[in-house]
Visitor: 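Here it is: the structure, laid out below.
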Amino acid sequence: MHSKTAWENQPDENQSTVEGFFLVGVSDQPQLELLFYVFVLICYIMTLFGNVTIIVISQLDPRLHTPMYFFLSNLSFLDICYTSSVGPQMLVNFHSTRKFISWGRCVAQLYIAFGLGSTECLLLAVMAFDRYAAVCRPLHYTTIMSHRLCLLMAAGSWLSGLVVSLANTLPTMQVPRCGRNHIDNIFCEMPALLKLACVDTSFNEAVLLSVSVLILVVPVSLILVSYGYIGAAVVRIRSAEARRKAFSTCTSHLAVVSLFYGPAIYMYLQPPSKDQGKIVSLFYTMFSPTLNPLIYTLRNKEVHGALRRLLWRKPDTQAF
């Protein structure tokens, strides 16, 4: 299977299992494919630049050595890994006529992308708890959000996401496909792979739905509850400046949550047999990670000040 003609022929089961898959994507629409290529390329470059900038600033400026920026640095590193797990392969497929991905690379992409996506769901919930502690328990904030607790919550998010992904990736790749190896998507994703099955996948779909509820619905529910308390606390704040600062950081986080959870919930909380749409995948894999640095920095005076101090090499004690 090393030519476009071979791609158009239906391979047997052994070839599908050993060699790999063809990511059909939008190959029937060359103009849309070119548009997607440019879109993914721009998003990937901006994601790398924006998130690396946040990590560097958070590490170099002592004033940003707080739980909020610790979790934000984790989110930035996560987004870099997340987009890197799917972005380069998308660019290769959009630029090629063959759209082939080996079985091993597909498994790796499936495991890493699903694991990092699950981790981001949990990490966003952790960040909401941090904002709740900062706004609703300001006097006890440093005690509650201790360095040890921050490390445990961050590590727990990463570990849980990767474990959940492993528990779903292995059964998904073991489902018989009877020679079907044309994935109707732009990258290896569980709903698209389950659609290739030639056997009943009710159990796999039930497991995926249960995990999706656990990873998507539960965290977003906790986030909404946290912001319910935060909203009530912000209203009671007397200082207009303190209220503005609390409102600014919380709305930034809510915007990130909406951009990520919305498309992900739409994609995973319905049976794989339904057509979820290829464009939806681009939102939580490429578009959301691109916007995250912009959302967190455009209205953030602390980041602006840290960036000015680093660029102008001013002492940390100097007012800005």
Side-chain angles (χ1 to χ4, degrees), residues 43-44 46-84 116-138 141-142 144-161 219-220 222-223 226-227 230 234 244-261 264 284-311 316:
C43 284
Y44 188 51
M46 290 182 62
T47 297
L48 294 179
F49 177 77
N51 286 291
V52 167
T53 300
I54 287 181
I55 293 173
V56 171
I57 293 175
S58 299
Q59 292 298 314
L60 294 183
D61 195 308
R63 298 188 189 187
L64 302 186
H65 292 176
T66 63
M68 174 181 172
Y69 291 99
F70 168 75
F71 292 124
L72 183 54
S73 296
N74 268 266
L75 180 63
S76 296
F77 179 69
L78 175 62
D79 282 342
I80 291 173
C81 297
Y82 192 26
T83 55
S84 296
L116 296 180
S118 301
T119 301
E120 183 151 348
C121 292
L122 300 174
L123 190 59
L124 289 173
V126 168
M127 294 174 72
F129 175 75
D130 172 65
R131 291 299 85 206
Y132 162 80
V135 176
C136 300
R137 298 289 187 270
Y141 177 68
T142 55
I144 296 173
M145 300 303 296
S146 64
H147 182 66
R148 181 173 181 272
L149 181 61
C150 291
L151 288 175
L152 287 175
M153 289 194 296
S157 299
W158 283 88
L159 182 61
S160 299
V220 81
L222 294 175
I223 291 172
S226 297
Y227 276 101
I230 290 172
V234 169
R244 184 206 62 78
K245 182 178 179 181
F247 181 77
S248 178
T249 57
C250 293
T251 52
S252 297
H253 184 248
L254 277 176
V256 170
V257 167
S258 302
L259 286 170
F260 182 80
Y261 275 98
Y284 56 84
T285 56
M286 300 302 301
F287 192 56
S288 179
T290 303
L291 292 182
N292 287 355
L294 297 176
I295 292 172
Y296 276 113
T297 58
L298 284 179
R299 299 174 58 189
N300 193 319
K301 290 186 176 181
E302 291 179 335
V303 174
H304 294 171
L307 187 57
R308 285 197 297 268
R309 288 191 296 274
L310 290 176
L311 292 178
D316 183 59

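All heavy atoms count here, side chains included; hydrogens, waters and symmetry mates do not.
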Visitor: Just verifying a value: how many Å separate Ile295 CD1 and Leu254 CG, rounded to the nearest 0.5 Å?
Guide: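 Between atom CD1 of Ile295 and atom CG of Leu254 there are 10.5 Å.
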Visitor: Aromatic rings Trp158 and Phe77: how do their planes relate, parallel, tilted or perpendicular, breaks at 30° and 60°?
Guide: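 Judged by the thresholds at 30° and 60°, the geometry between Trp158 and Phe77 is tilted.
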Visitor: Restricting to non-hydrogen atoms, name the atom on Ala128 and the atom on Ser226 that form the minimum distance, rounded to 0.1 Å.
Guide: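 The pair with the smallest heavy-atom distance is O-CB, 4.2 Å.
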Visitor: Scan the side chains in residues 285-293 for donor-acceptor partners under 3.5 Å anywhere in the protein, sequence neighbours excluded, and list what turns up.
Guide:
from, atom 1, to, atom 2, distance (Å)
Thr285, OG1, Ser281, O, 2.5
Thr290, OG1, Cys43, O, 3.1
Thr290, OG1, Thr47, OG1, 2.9
Thr290, OG1, Met286, O, 2.7
Asn292, ND2, Asp79, OD2, 2.7

Visitor: So do Ile144 and Tyr132 actually touch side chain to side chain, heavy atoms under 4.5 Å?
Guide: no
Visitor: Measuring from Leu48:CG to Thr53:OG1, what's the distance to the nearest 0.5 Å?
Guide: 10.0 Å
Visitor: What distance do Thr66 atom OG1 and Asp61 atom CG have between them, rounded to the nearest 0.5 Å?
Guide: 10.0 Å
Visitor: On a heavy-atom basis, which atom in Ala264 and which in Tyr284 lie closest, and how many Å separate them?
Guide: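 Closest pair (atom of Ala264, atom of Tyr284, distance): N-CD2, 3.7 Å.
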Visitor: Before you tell me yes or no, could you show the steps for Ser84 and Tyr44 under side-chain contact (heavy atoms from CB on, under 4.5 Å), namely the whole-Å CA-CA distance, both residues' side-chain angles and the distance that decides it to 0.1 Å?
Guide: CA-CA 8 Å; Ser84 296; Tyr44 188 51; 2.9 Å; yes
Visitor: Is there a side-chain contact between Tyr227 and Val257, using heavy atoms and a 4.5 Å cut-off?
Guide: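 Tyr227 vs Val257: side chains apart.
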Visitor: With a 4.5 Å cut-off on side-chain heavy atoms, are Phe129 and Met153 touching?
Guide: yes
Visitor: I'd like to check Val126 versus Asn74 (side-chain heavy atoms, cut-off strictly below 4.5 Å). Are they in contact?
Guide: no
Visitor: Look up atom CZ in Phe49 and atom CD1 in Ile80, then write down how far apart they are to the nearest 0.5 Å.
Guide: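 Nearest 0.5 Å value for the CZ-CD1 distance: 12.0 Å.
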Visitor: Inspect the surroundings of NE2 in His65 and state if more than 12 heavy atoms from other residues, nucleotides or ligands are less than 6.0 Å away.
Guide: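 For His65, atom NE2 is crowded (more than 12 foreign heavy atoms under 6.0 Å).
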Visitor: Mind checking the CG-CD spacing from Leu122 to Glu120? Nearest 0.5 Å is all I need.
Guide: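 Reported value, rounded in 0.5 Å steps: 10.5 Å.
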Visitor: Would you check, one step at a time, whether the test side-chain contact (heavy atoms from CB on, under 4.5 Å) holds for Leu72 with Tyr69?
Guide: CA-CA 5 Å; Leu72 183 54; Tyr69 291 99; 3.9 Å; yes
Visitor: List in chain and number order the residues that pass side chain to side chain donor-acceptor pair (under 3.5 Å) with Tyr82, two or more places apart in sequence or in another chain; answer none if no residue qualifies.
Guide: none
Visitor: Closest approach of Cys121 and Tyr261, non-hydrogen atoms and distance?
Guide: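 In terms of heavy atoms, the two residues are closest at O-OH, 2.5 Å.
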Visitor: Do Thr83 and Asn51 make a side-chain contact, defined as non-hydrogen atoms from C-beta onward lying under 4.5 Å apart?
Guide: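 Heavy-atom side-chain distance check fails, nothing below 4.5 Å.
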Visitor: Got a donor-acceptor contact below 3.5 angstrom from the Ser160 side chain to the Ser157 backbone?
Guide: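 Absent.
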Visitor: As an exercise, state the distance from OG1 of Thr142 to CZ of Arg137, rounded to the nearest 0.5 Å.
Guide: 14.0 Å
Visitor: So, using side chain to side chain contact (heavy atoms under 4.5 Å, CB included) as the criterion, who are the partners of Tyr141 when residues are at least two apart?
Guide: Pro67, Asp130, Arg131, Ala133, Ala134, Met145
